[in-house]
Chemist: 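Have a look at the structure that comes next, please.
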Amino acid sequence: MQVLHGGQAAGYAAQLAIGIQANRILARKCEGDIWNSWYEIRTTANTTVDSNGFVKAASPILRLFADGFIEEPVQQTEAEVTRTTTGTYRIANTVGLAATGWQIEVPRDHNGNILCHVETAWDGDDLTVSAS
């Protein structure tokens, strides 16, 4: 991390830490000679906007489209997607779905109603995703 230090006036200062090898930005401030804890700043490296327009914390993300095309907005992976039939996709070379937080986000209408149903299943090391 590269730490940038901003002015020290009567016990007040600020620091910004920028990751050199990792895509992270942290910040903290000093008030009355007491440093606060570091907090992480949300950027496009650690968040994404889901299909409904909400900002979500991100780890490796695959955005899967109807034609089998994938988009990886945060971190590139070696994932391979094959469209097996209409609405069914086989995803290989992944470590699976997130253990915590959100896993699958589906589009919703303006009233919050889910616009499709999604099922997942494991077949060996491959994940099958079916949308209907």
Chemist: CG/Asp126 to OG1/Thr82 distance, rounded to the nearest 0.5 angstrom?
Modeler: 8.0 Å
Chemist: Please list all pairs meeting salt bridge (Lys or Arg N to Asp or Glu O under 4.0 Å) that have one or both residues in residues 8-26, counting only residues at least two apart or in different chains.
Modeler: Arg24-Glu40
Chemist: Rounded at 0.5 Å granularity, tell me how far OG1 in Thr86 sits from CG in Asp67.
Modeler: 11.5 Å
Chemist: Are Thr88 and Val129 packed together at the side-chain level, in the sense that at least one heavy-atom pair is separated by less than 4.5 angstrom?
Modeler: no
Chemist: Is there a donor-acceptor pair closer than 3.5 Å between any side-chain N or O of Thr47 and the backbone N or O of Thr43?
Modeler: yes
Chemist: With a 4.5 Å heavy-atom cut-off, do Pro107 and Cys116 have their side chains touching?
Modeler: yes
Chemist: In the single-linkage hydrophobic clustering (I, L, V, M, F, W, Y; side-chain heavy atoms under 4.5 Å), do Val81 and Trp122 co-cluster?
Modeler: yes
Chemist: Look up atom CD1 in Ile91 and atom CG in Leu127, then write down how far apart they are to the nearest 0.5 Å.
Modeler: 5.0 Å
Chemist: Say whether, by atom type as modelled, one donor and one acceptor occur between the side chain of Asp109 and the main chain of Asn111 under 3.5 angstrom.
Modeler: yes
Chemist: Spell out, yes or no, whether Val106 and Phe54 are grouped together once hydrophobic residues are joined by side-chain heavy atoms under 4.5 Å, including indirect joins.
Modeler: no
Chemist: Taking atom NE2 of His5 and atom SG of Cys30, what is their separation to the nearest 0.5 Å?
Modeler: 8.0 Å
Chemist: Excluding sequence neighbours, so at least two apart, what forms salt bridge (Lys or Arg N to Asp or Glu O under 4.0 Å) with Arg108?
Modeler: none
Chemist: Does the side chain of Glu31 reach to within under 4.5 Å of the side chain of Tyr12, using non-hydrogen atoms?
Modeler: yes
Chemist: My understanding is that a hydrophobic cluster links ILVMFWY residues whose side chain heavy atoms are under 4.5 Å apart, including indirect links. Using that, what else belongs to the cluster containing Met1?
Modeler: Val3, Leu26, Trp38
Chemist: Any chain of hydrophobic side-chain contacts (each under 4.5 Å) joining Leu16 to Trp35?
Modeler: no
Chemist: Mind checking the NZ-CG spacing from Lys29 to Asn36? Nearest 0.5 Å is all I need.
Modeler: 6.0 Å
